[in-house]
Amino acid sequence: LQAIDTLERVLDKKKTHFEKIEIKLESSEVDNLEELRKGLDYRLEDLDKKYTRLTELKKAAEAATTKEEIKKIAIELKEFWKNTKDQIKITAGYQLTARFEVMLHKAEKLQTKLEKTLTKLENQRYDTNQIKEQVESFNKHVELTKQLVEEARIKYKEAKENSETRKDY
């Protein structure tokens with residue numbers, strides 16, 4: 001039962017993290033907001049299914065009276081944990097990807113503001129050479145981040161597809 005309680009805490013933490021990300025997404029203007037929201041909904045549904053299955057295993061463990069019943073539940077719990085552990089890793093990756101999407105959106109908005117400010121300063125005949133270098137460096141980092149976020153999105157989709165072909169607990 002202690003193992004089941006531990007798993008419940010892990011699943012609760014993941015669910016709380018996703019709910020926080022969902023709130024952040026609601027307040028942002030990310031381009032692919034719908035796609036991110038669908039991904040979050042999918043992960044939350046998956047966590048709910050796992051939580052339900054864990055509750056069933058907990059009830060079965062509490063009701064078990066024979067050594068064979070306890071052994072059977074222990075084997076099921078071990079299999080459940082094995083599948084859930086992989087899903088938690090995928091979930092953590094998705095959480096990071098979603099957070100980076102929000103940060104990337106903010107960085108893109110900042111890019112626009114920086115370009116406008118730079119143009120204003122140039123029109124007012126200020127020396128902007130040093131600032132231009134900084135802005136160019138920032139822009140390069142934003143572009144690199146875009147590439148990395150896209151790679152993460154692709155890897156997440158692959159992991160999701162692979163996990164959907166497995167036994168669903």
Side-chain angles (χ1 to χ4, degrees), residues 1-110 140-169:
L1 288 177
Q2 188 177 4
I4 293 174
D5 290 338
T6 302
L7 284 173
E8 279 180 324
R9 283 194 300 277
V10 169
L11 292 176
D12 281 341
K13 276 186 178 180
K14 286 296 164 193
K15 190 171 184 176
T16 301
H17 285 296
F18 272 118
E19 288 167 350
K20 286 179 184 176
I21 291 173
E22 202 167 30
I23 290 168
K24 286 181 182 179
L25 282 176
E26 292 297 326
S27 65
S28 70
E29 300 165 7
V30 179
D31 294 336
N32 59 337
L33 183 62
E34 266 321 296
E35 183 183 330
L36 285 173
R37 194 174 286 130
K38 285 178 187 175
L40 279 174
D41 289 344
Y42 172 81
R43 299 291 344 105
L44 285 169
E45 285 175 27
D46 186 55
L47 286 172
D48 284 339
K49 287 178 191 175
K50 290 190 181 325
Y51 197 80
T52 300
R53 179 65 183 137
L54 190 60
T55 303
E56 292 168 1
L57 285 172
K58 186 176 185 176
K59 287 178 183 174
E62 289 169 347
T65 55
T66 67
K67 191 175 185 178
E68 289 78 30
E69 288 175 332
I70 293 171
K71 238 183 204 182
K72 182 183 174 194
I73 292 167
I75 290 169
E76 284 185 52
L77 186 59
K78 188 175 180 180
E79 184 67 25
F80 173 82
W81 176 242
K82 183 179 164 188
N83 290 331
T84 302
K85 188 168 53 170
D86 293 341
Q87 288 296 320
I88 288 173
K89 287 178 185 176
I90 294 169
T91 299
Y94 187 79
Q95 285 175 314
L96 286 174
T97 302
R99 285 182 184 167
F100 277 115
E101 293 266 354
V102 172
M103 287 188 281
L104 183 60
H105 178 71
K106 289 178 181 179
E108 288 172 334
K109 286 173 74 174
L110 183 57
K140 286 178 186 176
H141 282 90
V142 170
E143 290 305 313
L144 176 63
T145 304
K146 282 181 190 177
Q147 292 172 356
L148 294 174
V149 165
E150 185 58 32
E151 288 174 22
R153 190 182 301 132
I154 290 167
K155 285 184 180 185
Y156 168 74
K157 285 181 182 178
E158 289 171 0
K160 179 182 169 187
E161 289 167 5
N162 290 338
S163 71
E164 287 175 348
T165 60
R166 284 190 167 153
K167 181 180 177 184
D168 192 21
Y169 256 93

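The first residue of the sequence shown is numbered 1, and numbering continues consecutively from there.
- Once rounded to the nearest 0.5 Å, the distance linking CD1 of Ile73 with CD of Glu76 reads 7.0 Å.
- Going from atom CD of Glu150 over to atom CD of Glu101 covers 8.0 Å, rounded to the nearest 0.5 Å.
- Here Lys146 pairs with Glu143 in a salt bridge; the nearest charged N to carboxylate O distance falls below 4.0 Å.
- Residues forming a side chain to side chain contact (heavy atoms under 4.5 Å, CB included) with Thr52 (at least two apart in sequence, or on another chain): Glu56.
- Scored by the side chain to side chain contact (heavy atoms under 4.5 Å, CB included) test, Ala107 finds Phe138, Val142 as partners (sequence neighbours excluded).
- The minimum heavy-atom distance linking His141 with Thr145 is given by the pair O-OG1, 2.7 Å.
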